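What you see is a predicted model, and the numbers here were worked out from it, not measured in a lab. All values below come from the heavy atoms of this structure, side chains included, with hydrogens, waters and symmetry mates left out.
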Amino acid sequence: RLADRQRLEPGWMIELAGAIARLHAAAEPRPDRGGRDGMAWVVDGNARAFAEASGVFAAGVRDRVLRETRATLARQAERLEARRLAGRVRWCHGDLHLRNICLIEGRPTLFDAVEFNEAISCIDVGYDVAFLLMDLWHRGLRLHANLVFNEYVTQTADLDALPLLPLFLSCRAAVRAKTSAAASAVQPDPARAAELR
C-alpha cells in the first residue's frame, strides 16, 4: 500500500536489504535442492501455467519467453550448480515481494514465508531476493530496487549472483504473470479480472 501511494521511503530499502541478508546468512544450506534442476522446475511450471492460460498470453510472446529462458538456463547451468554446491541454495523466504513485508516499529519486517513447501523455499538466495527486485521494478521503483540490491551485495559479497539476475528476474516476472492469470480466472468482479489479465 505504501508503494502504491508513492510513500515507500528509500531509506527503508537499506534496512530491508540488511534483513534479507541476515535471513539468508542464518538460513539452512540445502545443496539437495536448487541449482540447475531447481530453476528448470520453475521454468517448466511456468510453461505449464502459460499453456493452461493460453487465452491470456499471446502464443508468440509466450513461446519466445520460454525459449529464451531455457536458453539462458542452459548457459547458466554450471554457475547455478556451482552456487548450489557452494551453499548459496538455502531455506529462504520463497515469496519475498512487497505484500509480504510490513513495517513494525518503523522497521521493514519480512513475514508470510513459504515454510510448507521446500521446492518453493529451498532456492538460490539470489532468486529469493529477485522477487522483491522484480516487484519494485514492476511498480516503477527502480531506485528502490537498486538500493536493495546494492546493499544486499555489499553485505553478502554475492557478486556471483549478478550474471544470474536476468534469469532470476525473468522467472519471477513469469511467476507473477501466471499467478495473476490464475487469479483472473476465478475473480468474480469483471473489472478486477481484466486488471489481473
Side-chain angles (χ1 to χ4, degrees), residues 13-50 65-66 68-102 107-137 145 148-179 182:
M13 300 302 99
I14 304 301
E15 290 186 61
L16 181 54
I20 297 166
R22 288 188 298 278
L23 171 76
H24 290 167
E28 174 190 357
R30 290 297 302 267
D32 59 315
R33 294 281 184 173
R36 187 249 172 237
D37 290 345
M39 288 308 300
W41 178 80
V42 171
V43 174
D44 291 344
N46 289 342
R48 283 190 301 278
F50 288 173
V65 167
L66 292 171
E68 291 181 12
T69 302
R70 286 189 169 116
T72 303
L73 178 59
R75 280 193 311 275
Q76 296 291 357
E78 189 175 319
R79 182 180 303 276
L80 288 163
E81 284 301 294
R83 289 176 61 80
R84 179 180 66 79
L85 295 172
R88 293 288 186 182
V89 172
R90 293 177 173 248
W91 194 301
C92 295
H93 186 283
D95 200 20
L96 188 54
H97 54 80
L98 288 177
R99 287 185 189 99
N100 289 336
I101 302 167
C102 64
R107 299 187 66 114
T109 305
L110 312 176
F111 71 98
D112 203 21
V114 182
E115 299 168 346
F116 54 87
N117 189 325
E118 292 184 5
I120 294 174
S121 295
C122 296
I123 54 177
D124 192 296
V125 293
Y127 185 56
D128 200 37
V129 74
F131 210 171
L132 174 61
L133 301 177
M134 181 279 300
D135 196 17
L136 290 165
W137 190 271
V148 169
F149 189 67
N150 289 342
E151 184 64 22
Y152 180 83
V153 169
T154 297
Q155 291 195 27
T156 64
D158 190 8
L159 293 172
D160 190 55
L162 284 169
L164 293 168
L165 202 52
L167 173 66
F168 290 161
L169 290 170
S170 174
C171 287
R172 286 303 193 179
V175 167
R176 170 69 55 85
K178 78 178 184 184
T179 57

Just how far is it from atom [atom1] of [X] to atom [atom2] of [Y], taken to the nearest 0.5 Å?
X	Y	atom1	atom2	value
K178	R48	NZ	CZ	7.5 Å
H93	S121	NE2	OG	8.5 Å
N150	T154	CG	OG1	6.5 Å
D128	R90	CG	CZ	12.0 Å
I20	T156	CD1	OG1	10.5 Å
M134	C171	CE	SG	11.0 Å

Closest contact, heavy atoms only, [X] versus [Y]:
X	Y	result
N117	A119	OD1-N, 3.0 Å
R22	R107	NH2-NH2, 4.5 Å
R70	V43	CG-CG1, 3.9 Å
L73	A40	CD2-CA, 3.6 Å
F168	G126	CD1-C, 3.5 Å

Item to complete: Let me see the working for T69 and N46 under side-chain contact (heavy atoms from CB on, under 4.5 Å), right down to the final yes or no.
Response: CA-CA 11 Å; T69 302; N46 289 342; over 6 Å; no
Do [X] and [Y] come close enough that some side-chain heavy atom pair is under 4.5 Å?
X	Y	result
F149	L162	yes
I120	D95	no
L66	F50	yes
Q76	M39	no

Discussion item. Under the criterion side-chain contact (heavy atoms from CB on, under 4.5 Å), I'd like the reasoning laid out for L167 against L165: C-alpha separation, chi angles, the key distance, then a yes or no.
Written reply: CA-CA 5 Å; L167 173 66; L165 202 52; over 6 Å; no
Fill in: Passing option when C92 is tested against V129, L23, V114, I123 for side-chain contact (heavy atoms from CB on, under 4.5 Å)
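Considering V129, L23, V114, I123, a side-chain contact (heavy atoms from CB on, under 4.5 Å) with C92 is found only for I123.
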Worksheet item: Given L110, which of L132, N100, L96 fulfils the side-chain contact (heavy atoms from CB on, under 4.5 Å) condition?
Response: L96
Discussion item. Treating R84 as the side-chain partner and P31 as the backbone partner, does any N or O pair qualify as donor plus acceptor under 3.5 Å?
Written reply: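 Yes; judged by distance alone, with no hydrogens or angles, the pair exists.
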Practice prompt. Taking S170 for its side chain and P166 for its backbone only, find out whether a donor-acceptor pair lies under 3.5 Å.
Written response: no
Worksheet entry | Neighbour count above 12 (heavy atom, 6.0 Å) for E115 CD | no
Discussion item. Closer than 4.0 angstrom, basic N to acidic O: yes or no for D135 and R176?
Written reply: yes
Worksheet item: Out of R33, R88, R83, H24, which residue meets the side chain to side chain donor-acceptor pair (under 3.5 Å) rule with D124?
Response: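 So the option named by the test is R83.
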